[in-house]
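Take a look at the following structure, please.
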Amino acid sequence: MKIVFFGSAHFAVPALQALIKSGHELVCVVTQPDKKRGRHLHVCETDVKSTAVAAGLKTFQPENIKSKESVDFLKKLDADLFVIVAYGQIFSQEVLDIPRVMPINIHASLLPRYRGAAPINWAIINADKKAGVSIMYVSLKTDSGPVILQEGIRIEDSDTAVTLEDKLRYLGAELLMDALKVIDDRSYCLLEQDEDKVILAPKLRKEDGLIDWGESATAIHNQVRGVLPWPGAFTFFRGKMLKVFQTDVLPIFPNHKPVPGEVIRADKHGIVVACGRGFLNLKELQLEAGKRMSGQNFIIGHRLKPGDVLGK
RNA sequence: CGCGGGGUGGAGCAGCCUGGUAGCUCGCAAGGCUCAUAACCUUGAGGUCAUGCGUUCAAAUCGCAUCCCCGCAA
């Protein structure tokens, strides 16, 4: 089949690599324009572009995929299939109608759960037991098209949004290969999503990383795991932003009633902080502009002691 | 040229503004105390203060340049 691949983010790379190996005719890779980003605002290309260029593929980087120029360009490619993975622009019906067979998308959730930009993060924040990937027919409304294939995996206690994404991006690439097969054979069926079971997973905002010490230890623990790599869970320590990367929920019963955010222990056992319900051991931290370090080193270097209160 | 923080024994930090003996907590090593210990006491090893140039009688500290690390913002 003649395929046009649309993708930008890290998540899309294994799918593109799988396509390259698959022997299908990849006529073009469409990705977001090179942008000034990162420290000092240097111009960077997307991970997908680097992969495509390394493979000698033609790339296309329109500012607006819906523009007349983009549409004309895409039509000339005469593609059978559009494969869209974490591309970053919304399509118009006119664009979706271009491929001869259909436009398909890999989405990192078990649809209809978690439509939107941050499905992996919300699955962890909400303490789900399972996550997965879906391959669906792309319709105009975001992530609402009928599902072709779907596969789930267990979310382990040790998973963070980063480790889970890493698993899902490869799972997605495998499932894409299966999807190409059934599409080629015309042996697929389209399963409409149950609109009653839709859960939205909007893009995370900076404030989604702010820790509310009044929440339960378990909820904060899930937040810490779920908001990686961005925005990262954070609180404040002596007026500076303090990022929290790794925590453990502890069954501890102190002999006084601490305020939420109060450090009740800071020693070789770790940094134990009181939450609204339960206690958290802060295992990996990073103070604003500082290095990421263990709780041990944080105590030693910053003279953290019981009675200090986090959050301001 | 988006804004800002930082590079000091193995680790995390202080010292820098106001130049003049390399400091703290921890780790490590040896010894001691103890029924015992992640506890306590003694002692000890370990540092071209990122790099280069400059100012100075004298630079971790002041000036210029370079390299590297990090946060914000996008």
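Chain letters run A, B, ... following the sequence lines, proteins first and then strands; every chain starts at 1. Hydrogens, waters and symmetry mates are skipped; everything else that's a heavy atom, side chains included, is used. This structure is a prediction, so every number in the text was calculated from the model and none was measured.
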Review point. Is it true that A:Arg113 and A:Asp128 have a side-chain N and a carboxylate O under 4.0 angstrom from each other?
Key: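 Yes, this pair counts.
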Review point. In whole angstrom, what separates A:Glu207's CD from B:rC72's P?
Key: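 Rounding to the nearest Å, CD of A:Glu207 and P of B:rC72 are 14 Å apart.
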Review point. Roughly how many Å is it from CD in A:Gln296 to P in B:rC28, rounded to a whole number?
Key: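 Roughly 12 Å, once rounded to whole Å.
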Check your understanding: Under 4.5 Å between any side-chain heavy atoms of A:Thr142 and A:Arg115, yes or no?
Key ->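 The answer is no, as the side chains (C-beta and beyond) never meet within the 4.5 Å cut-off.
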Exercise for review: Look at A:Lys240 and B:rG71 and indicate whether a side-chain polar atom (N or O) is within less than 4.0 Å of OP1 or OP2.
Suggested key: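 For B:rG71, neither OP1 nor OP2 has a side-chain N or O of A:Lys240 closer than 4.0 Å.
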Review point. Which whole number of Å gives the distance between the P atom of B:rG44 and that of B:rC53?
Key: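 My reading of the P atoms in B:rG44 and B:rC53 gives 36 Å.
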Review point. Using 4.0 Å as the upper bound for N to carboxylate O, is an ion pair formed by A:Lys68 and A:Asp72?
Key: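 Salt bridge: yes.
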Practice item. Starting at atom CZ of A:Arg39, determine the distance to atom P of B:rC69, rounded to an integer number of angstrom. Key: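 Spelled out: CZ on A:Arg39 to P on B:rC69 is 8 Å.
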Review point. Which class fits the ring pair A:Phe6 and A:Phe82: parallel under 30°, tilted 30 to 60°, perpendicular over 60°?
Key: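 Plane angle between 30° and 60°, so tilted.
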Exercise for review: Among the candidates B:rC70, B:rA74, B:rC26, find the nucleotide nearest to the side-chain atoms of A:Lys268.
Suggested key: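 The listed nucleotide nearest to A:Lys268's side chain is B:rC26.
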Review point. Which value, in whole Å, describes the distance between the P atoms of nucleotides B:rU18 and B:rU25?
Key: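 Pairwise P distance, B:rU18 against B:rU25, rounds to 29 Å.
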Exercise for review: With C1' as the reference atom in both, quote the distance from B:rC40 to B:rG23 in angstrom, rounded to an integer.
Suggested key: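 Nearest-Å result for B:rC40 against B:rG23 at atom C1': 24 Å.
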Practice item. Answer yes or no for A:Lys181 and A:Tyr188: cation-pi contact, defined as NZ/CZ to six-membered ring centre under 6.0 Å and angle to ring axis within 45°. Key: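 Negative - A:Lys181 is either too far from the ring of A:Tyr188 or too far off its axis.
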Exercise for review: Please say which of A:Lys130, A:Lys129, A:Lys167 ends up in a salt bridge (Lys or Arg N to Asp or Glu O under 4.0 Å) with A:Asp159.
Suggested key: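 So the option named by the test is A:Lys167.
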Review point. To the nearest angstrom, how far is A:Leu285 atom CG from B:rC70 atom C1'?
Key: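 Taking atom C1' of B:rC70 as the reference, CG of A:Leu285 is at 15 Å.
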Review point. Is A:Lys36 near enough to B:rA73 that one of its side-chain N or O atoms lies under 4.0 angstrom from OP1 or OP2?
Key: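 So the side-chain polar atoms of A:Lys36 never come under 4.0 Å of the phosphate oxygens OP1 or OP2 of B:rA73.
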Check your understanding: A:Phe234 vs A:Phe236 aromatic rings, parallel, tilted or perpendicular, using cut-offs 30° and 60°?
Key ->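 Plane angle over 60°, so perpendicular.
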Practice item. Could you tell me the separation between the NE2 atom of A:His42 and the C1' atom of B:rA74, rounded to a whole number of Å? Key: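 Rounding to the nearest Å, NE2 of A:His42 and C1' of B:rA74 are 14 Å apart.
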Check your understanding: So which nucleotide does B:rA29 pair with, by the Watson-Crick or G-U wobble rule with both distances under 3.5 Å?
Key ->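 Partner of B:rA29: B:rU43.
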Check your understanding: Mind checking the P distance from B:rU66 to B:rC3? Whole angstroms is fine.
Key ->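 The answer is 16 Å between these two P atoms.
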Practice item. Provide, to the nearest angstrom, the distance between the CD atom belonging to A:Glu288 and the C1' atom belonging to B:rG6. Key: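 Whole-Å distance recorded here is 12 Å.
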Practice item. Of all the heavy-atom pairs spanning A:Ala161 and A:Asn121, show the shortest one and how long it is. Key: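 Closest approach of A:Ala161 to A:Asn121, heavy atoms only: CB-ND2, 3.5 Å.
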**Study point:** Sugar-phosphate, base or nothing in reach of A:Lys305, heavy atoms under 4.0 Å
**Key:**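 The answer is nothing, as A:Lys305 stays clear of every strand by at least 4.0 Å.
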Check your understanding: When rounded to the nearest Å, what value does the distance between P atoms of B:rA50 and B:rA22 take?
Key ->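 Nearest-Å result for B:rA50 against B:rA22 at atom P: 15 Å.
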Exercise for review: Looking at every strand, decide which applies to A:Lys243 at a 4.0 Å heavy-atom threshold: base, sugar-phosphate, or nothing.
Suggested key: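 Sugar-phosphate, no base atom in range.
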Exercise for review: Look at all strands and tell whether A:Arg292 reaches a base, only sugar-phosphate, or nothing, counting heavy atoms closer than 4.0 Å.
Suggested key: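 Nothing: the residue A:Arg292, judged by heavy atoms under 4.0 Å, touches no strand.
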Check your understanding: Toward the 5' end of RNA chain B, which comes first, A:His40 or A:His269, by nearest nucleotide?
Key ->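 Per heavy-atom nearest nucleotide, the more 5' residue is A:His40.
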Practice item. Provide the Watson-Crick or G-U wobble partner of B:rG4, both distances under 3.5 Å; none if there is no partner. Key: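 Check on B:rG4: paired to B:rC70, both distances under 3.5 Å.
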**Study point:** Euclidean distance for P, B:rG10 against B:rG6 (whole angstrom)
**Key:**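 Their P atoms lie roughly 22 Å apart.
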N/O contacts under 3.5 Å, protein versus nucleotides 10-14 of chain B?
unit_1: B:rA11; atom_1: O2'; unit_2: A:Asn297; atom_2: OD1; d: 3.0
unit_1: B:rA11; atom_1: O2'; unit_2: A:Asn297; atom_2: ND2; d: 2.6
unit_1: B:rG12; atom_1: OP1; unit_2: A:Lys291; atom_2: NZ; d: 3.4
unit_1: B:rG12; atom_1: O2'; unit_2: A:Asn297; atom_2: O; d: 2.9
unit_1: B:rG12; atom_1: O2'; unit_2: A:Gly301; atom_2: N; d: 3.3
unit_1: B:rC13; atom_1: O2'; unit_2: A:Gly301; atom_2: O; d: 3.1

Exercise for review: Write down the distance separating the C1' atoms in B:rG20 and B:rA45, rounded off to the nearest Å.
Suggested key: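 Pairwise C1' distance, B:rG20 against B:rA45, rounds to 28 Å.
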Review point. Between A:Lys66 and A:Glu94, is the closest basic N to carboxylate O distance under 4.0 Å?
Key: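 No salt bridge links A:Glu94 with A:Lys66.
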Point to revise | Inter-nucleotide C1' distance (B:rG47, B:rC13), Å rounded | key: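 Nearest-Å result for B:rG47 against B:rC13 at atom C1': 15 Å.
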Practice item. Rounded to the nearest angstrom, tell me the gap between atom NZ in A:Lys206 and atom P in B:rA74. Key: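 After rounding, the gap between these two atoms is 10 Å.
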Practice item. Please give the nucleotide sitting opposite B:rC17 as a Watson-Crick or G-U wobble pair, both distances under 3.5 Å, or none. Key: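 Partner of B:rC17: none found under 3.5 Å.
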